[in-house]
Amino acid sequence: MTRLTARGLGVRFDGVDVVTGVDLTVESPDWLMIVGPNGAGKSSLVRALAGLLPVSGRAAVDDVELAGLRPRPRARLIGYVPQAPVLPEAMPVADYVMLGRTAHLGYFSGPRPVDREVVGSVLDTLELTDFTARELGSLSGGERQRVTLARALAQEPTVLLLDEPTSALDLGHQQQVLELVDGLRHRHDLVVVMTVHDLTAAGQYADRVLLLDRGAVVADGPAAQVLTAERIASVYHADVRVEVDDSGRPVVIPARPGT
């Protein structure tokens with residue numbers, strides 16, 4: 001079992017606190033979704049956990065403090081998929097996914113048989129085997145998202161951080177990515193932390209939901225406890241109804257004011 005912890009985690013830009021005093025603990029294979037309005041600090045929090053921003057407080061994977069950890073050992077622990085990854089348009093899919101093995105290679109070493117085996121397994125798992133020779137620039141949005149996820153998984157991390165991986169996808173591809181992540185976390189015993197705008201998606205898939213507003217945690221717990229109509233109205237300034245489906249999970253429905 002892997003444990004990701006943060007205590008008093010904060011991020012400050014140009015004298016402004018964008019994330020303040022965040023405490024969290026996530027154990028594999030749990031899936032924590034971070035929600036909140038625009039500017040709440042969701043992406044900053046995930047980037048801080050990925051070691052991409054200077055922070056106050058502390059964050060750790062098991063007993064390994066992430067502060068000051070060099071990129072290679074950090075990449076063996078944490079796989080990060082940004083909201084808008086920059087992909088080399090002419091690079092073949094297989095070569096791009098192989099970049100995820102960099103953390104396991106010597107500085108002047110080429111891929112070993114074990115690296116090719118890991119990449120082949122990841123490509124197979126994500127149903128990308130037929131795409132190995134395709135150039136990244138030729139892929140659809142959903143295919144590109146799977147490829148960036150494949151590169152992160154090729155690192156063989158214990159923690160997977162995803163920053164709004166479904167934001168640019170249509171409904172069908174959103175569901176495919178969410179189902180894929182749900183299967184991967186159980187198969188690989190991963191801690192998954194993901195930011196998302198879609199509150200119903202959070203309610204349907206997350207083990208826990210953390211609600212941020214102006215950089216601070218408003219609520220953290222099971223989706224049905226966090227995603228209430230009253231709390232959503234307070235934080236998002238939106239009128240919604242929250243219904244519970246047959247599985248006991250919340251569904252958030254926009255409601256016109258006064259109806």
Side-chain angles (χ1 to χ4, degrees), residues 1-2 4 28-31 46 49-52 61-62 64 69-166 168-170 172-194 205:
M1 181 178 67
T2 298
L4 172 68
S28 62
D30 282 355
W31 189 349
V46 170
L49 291 170
L52 300 177
V61 175
D62 295 328
V64 179
L69 199 62
R70 296 179 67 83
R72 281 174 178 262
R74 183 186 294 116
R76 296 185 196 112
L77 294 175
I78 294 176
Y80 169 66
V81 178
Q83 184 175 344
V86 178
L87 304 182
E89 298 288 301
M91 180 177 283
V93 167
D95 291 352
Y96 180 76
V97 176
M98 184 61 74
L99 292 175
R101 298 300 299 166
T102 302
H104 299 272
L105 298 175
Y107 283 102
F108 300 104
S109 301
R112 304 158 299 174
V114 66
D115 302 307
R116 300 187 189 282
E117 182 179 341
V118 169
V119 167
S121 176
V122 169
L123 291 170
D124 183 59
T125 297
L126 274 66
E127 299 181 0
L128 291 168
T129 303
D130 293 338
F131 291 72
T132 54
R134 289 267 301 274
E135 293 184 353
L136 296 172
S138 71
L139 303 180
S140 69
E143 290 163 352
R144 290 163 75 95
Q145 200 63 52
R146 281 158 56 203
V147 167
T148 56
L149 184 57
R151 173 176 167 168
L153 290 173
Q155 297 171 214
E156 295 186 295
T158 58
V159 176
L160 188 60
L161 305 177
L162 308 172
D163 191 6
E164 297 189 27
T166 60
L169 303 180
D170 62 37
H173 287 104
Q174 286 180 29
Q175 190 172 54
Q176 288 176 18
V177 169
L178 292 169
E179 289 290 336
L180 179 61
V181 172
D182 195 39
L184 289 170
R185 68 185 176 113
H186 290 291
R187 189 177 305 123
H188 297 282
D189 195 33
L190 297 171
V191 168
V192 178
V193 178
M194 170 177 155
Y205 284 91

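Note that the structure is a prediction, hence the values are computed from the model and not measured.
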Could you tell me the separation between the CG atom of Leu136 and the CD atom of Glu143, rounded to the nearest 0.5 Å?
-> 11.0 Å

Separation of Asp124 CG from Asp130 CG (nearest 0.5 Å) | 10.0 Å

Could you tell me which non-hydrogen atom of Gln155 sits nearest to which non-hydrogen atom of Ala75, and how far apart they are?
-> NE2-O, 2.9 Å

Taking all heavy atoms of Leu99 and all of Arg151, pick out the closest pair and write down the distance.
-> CD1-NH1, 3.6 Å

CG of Leu128 to OH of Tyr96, rounded to nearest 0.5 Å, is 12.0 Å

Is the shortest heavy-atom distance from the side chain of Arg72 to the side chain of Thr102 under 4.5 Å?
-> yes

Spacing of His186 atom NE2 and Asp30 atom CG [to the nearest 0.5 Å] = 8.5 Å

Nearest heavy-atom contact between Glu89 and Glu135 is O-CB, 3.5 Å

Are the side chains of Leu77 and Val64 in touch, meaning some heavy atoms are under 4.5 Å apart?
-> yes

Verify side chain to side chain contact (heavy atoms under 4.5 Å, CB included) between Leu49 and Tyr80, making sure each step is shown before the conclusion.
-> CA-CA 9 Å; Leu49 291 170; Tyr80 169 66; over 6 Å; no

Nearest 0.5 Å please: distance from the CD1 atom of Ile78 over to the CG atom of Leu160.
-> 10.5 Å

Nearest heavy atoms of Pro157 and Gly79, plus distance in Å | CB-N, 3.3 Å

Carboxylate-amine/guanidinium contact Glu179 Arg146, below 4.0 Å = no

Apply side chain to side chain contact (heavy atoms under 4.5 Å, CB included) to Val93 and Leu139, showing your working.
-> CA-CA 9 Å; Val93 167; Leu139 303 180; 3.9 Å; yes

What are the two closest heavy atoms between Val81 and Leu149, and how far apart are they?
-> CG2-CA, 4.2 Å

Could you tell me whether a side-chain N or O of Ser121 sits under 3.5 Å from a main-chain N or O of Glu117, the two making a donor and an acceptor?
-> no

Do Leu190 and Ser28 come close enough that some side-chain heavy atom pair is under 4.5 Å?
-> no

Please check if the side chain of Thr148 supplies one atom and the backbone of Gln145 the other of a donor-acceptor pair under 3.5 Å.
-> yes

Shortest non-hydrogen separation from Arg144 to Gly137 and the atoms involved | NH1-CA, 3.9 Å

Please assess Thr2 against Val61 for the test side chain to side chain contact (heavy atoms under 4.5 Å, CB included), listing each intermediate value before the final yes or no.
-> CA-CA 7 Å; Thr2 298; Val61 175; 3.8 Å; yes

Check ion pair Arg101-Glu156 (N to O, under 4.0 angstrom) = yes

To the nearest 0.5 angstrom, please state how far the CE atom of Met194 sits from the CG atom of Leu178.
-> 5.0 Å

Contacts of type side-chain hydrogen bond (donor to acceptor under 3.5 Å, both in side chains), residue Asp62, not counting sequence neighbours | none

